[in-house]
Amino acid sequence: MRSGADLKIFTTCPLATKARACVRHIENVARWSEEAGCEGILVASDTRQLDPWLVARAIIGATDKLCPVVTVQPACAHPYTVAKAVASLGFMYGRRIYLNMVPGGGANGIQGLDDVTPHDQACARLMEYTKVVQELLGKDEPVTYRGAFYKLANV
């Protein structure tokens, strides 16, 4: 068995549905999580909650080293938008940003966005989405990409 030194613990951010009152609670939970030795905190994403990137920024502002784990769904943001947010937060605050990639789609769709992409296709879209985000974050030069779901030219 490997040493516990390699173990990283992640926690979950409270749902962010009531703007002003919940931000203080989110910041407090982030501080408690950091004090407990957690590496990161999961920030959920759906249409009924605050913007996960703004919640991630609040977490960064309230802590010294806790890393946000932002849930990303292809139907909610273009891969360029996600890569730009990760790069911006990382550069501005010197903090690692983790991504929790989920396919979304399915029979019920993402509430309000009418994304009823079948599960198999949603998974294929997520794989391509993840590849595009990785390419954008992994290169200093502009990225051109042509895939089944995404097309970028010198981004």
Side-chain angles (χ1 to χ4, degrees), residues 4-138 143 149-150 152 155:
D6 293 337
L7 181 66
K8 293 184 181 186
I9 305 293
F10 293 81
T11 189
T12 302
C13 180
L15 297 180
T17 55
K18 296 178 184 162
R20 195 171 261 286
C22 77
V23 172
R24 285 189 192 93
H25 183 57
I26 289 167
E27 291 171 340
N28 286 335
V29 170
R31 283 188 207 77
W32 302 333
S33 298
E34 184 171 72
E35 289 169 11
C38 293
E39 168 81 9
I41 185 167
L42 178 65
V43 180
S45 171
D46 79 33
T47 59
R48 299 166 293 184
Q49 296 182 55
L50 297 177
D51 182 89
W53 297 103
L54 295 178
V55 172
R57 168 54 190 96
I59 290 166
I60 290 170
T63 61
D64 293 322
K65 59 183 180 179
L66 189 70
C67 299
V69 182
V70 179
T71 300
V72 175
Q73 299 180 51
C76 294
H78 192 277
Y80 171 80
T81 303
V82 169
K84 189 71 151 187
V86 169
S88 296
L89 288 172
F91 176 79
M92 291 169 62
Y93 300 102
R95 189 86 52 99
R96 183 174 294 212
I97 309 297
Y98 291 99
L99 300 177
N100 175 34
M101 310 298 274
V102 297
N108 295 327
I110 296 173
Q111 186 178 9
L113 298 180
D114 197 29
D115 180 26
V116 292
T117 306
H119 182 70
D120 289 349
Q121 193 173 9
C123 289
R125 175 179 66 182
L126 179 64
M127 289 173 41
E128 183 174 311
Y129 186 95
T130 302
K131 181 178 181 181
V132 172
V133 169
Q134 288 176 319
E135 285 204 28
L136 289 166
L137 289 171
V143 171
F149 301 96
Y150 299 100
L152 293 91
V155 176

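Worth knowing before you read on, the calculation uses all heavy atoms, side chains too, and leaves out hydrogens, waters and symmetry mates. Every value quoted in this text rests on a predicted model; they were computed, and no experiment measured them.
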Check whether any side-chain heavy atom of Cys123 sits under 4.5 Å from a side-chain heavy atom of Met127, and report yes or no.
-> no
Find the distance between CH2 (Trp32) and SG (Cys38) and round it off to the nearest 0.5 Å.
-> 13.0 Å
Would you check if Leu136 and Leu152 make a side-chain contact, meaning some heavy-atom pair closer than 4.5 Å?
-> yes
Rounded to the nearest 0.5 Å, how far apart are CZ of Arg95 and CZ of Arg57?
-> 9.0 Å
Between CD on residue Glu135 and OH on residue Tyr150, distance to nearest 0.5 Å = 14.0 Å
Heavy-atom pair of closest approach, residues Thr11 and Ser33 = CG2-OG, 3.0 Å
Of all the heavy-atom pairs spanning Thr71 and Ala44, show the shortest one and how long it is.
-> OG1-CA, 3.8 Å
Where the side chain of Glu128 meets the backbone of Phe149, is there a donor-acceptor pair that is under 3.5 Å apart?
-> yes
Spacing of CD belonging to Glu27 relative to SG belonging to Cys13, to within rounding of 0.5 Å | 10.0 Å
Sub-4.5 Å side-chain heavy-atom contact between Thr130 and Leu99 | no
State, with a plain yes or no, whether a side-chain heavy atom of Trp53 is found less than 4.5 Å away from one of Val72.
-> yes
Return the minimal non-hydrogen interatomic distance between Thr12 and Val29, and the atom names on each side.
-> O-CG1, 4.3 Å
How long is the gap from CG on Leu89 to CD1 on Ile60, to the nearest 0.5 Å?
-> 4.5 Å
Does the side chain of Asp120 reach to within under 4.5 Å of the side chain of Pro118, using non-hydrogen atoms?
-> no
Kindly say whether Arg31 contributes a backbone atom to a donor-acceptor pair with the side chain of Thr63 at under 3.5 angstrom?
-> no
What is the minimum heavy-atom distance between Pro103 and Pro74, and which atoms define it?
-> O-CD, 3.9 Å
Return yes when atom CZ of Arg96 has more than 12 non-hydrogen atoms of other residues, nucleotides or ligands closer than 6.0 Å, and no otherwise.
-> no
Taking all non-hydrogen atoms of both residues into account, name the closest pair between Ala77 and Tyr129 and its distance.
-> O-OH, 2.6 Å
Straight-line distance of Leu50 CG to Leu15 CG, nearest 0.5 Å = 10.5 Å
Please tell me if the side chains of Met101 and Val82 come closer than 4.5 Å, counting only heavy atoms from C-beta onward.
-> no
Heavy-atom count around Tyr80 OH within 6.0 Å, excluding the residue itself: above 12?
-> no
Minimum-distance pair of heavy atoms, taken over all atoms of Ala30 and Ile41 | CA-CD1, 4.2 Å
Using modelled atom types only, decide if a donor and an acceptor are shared between the side chain of Glu34 and the backbone of Leu66 within a distance under 3.5 Å.
-> yes
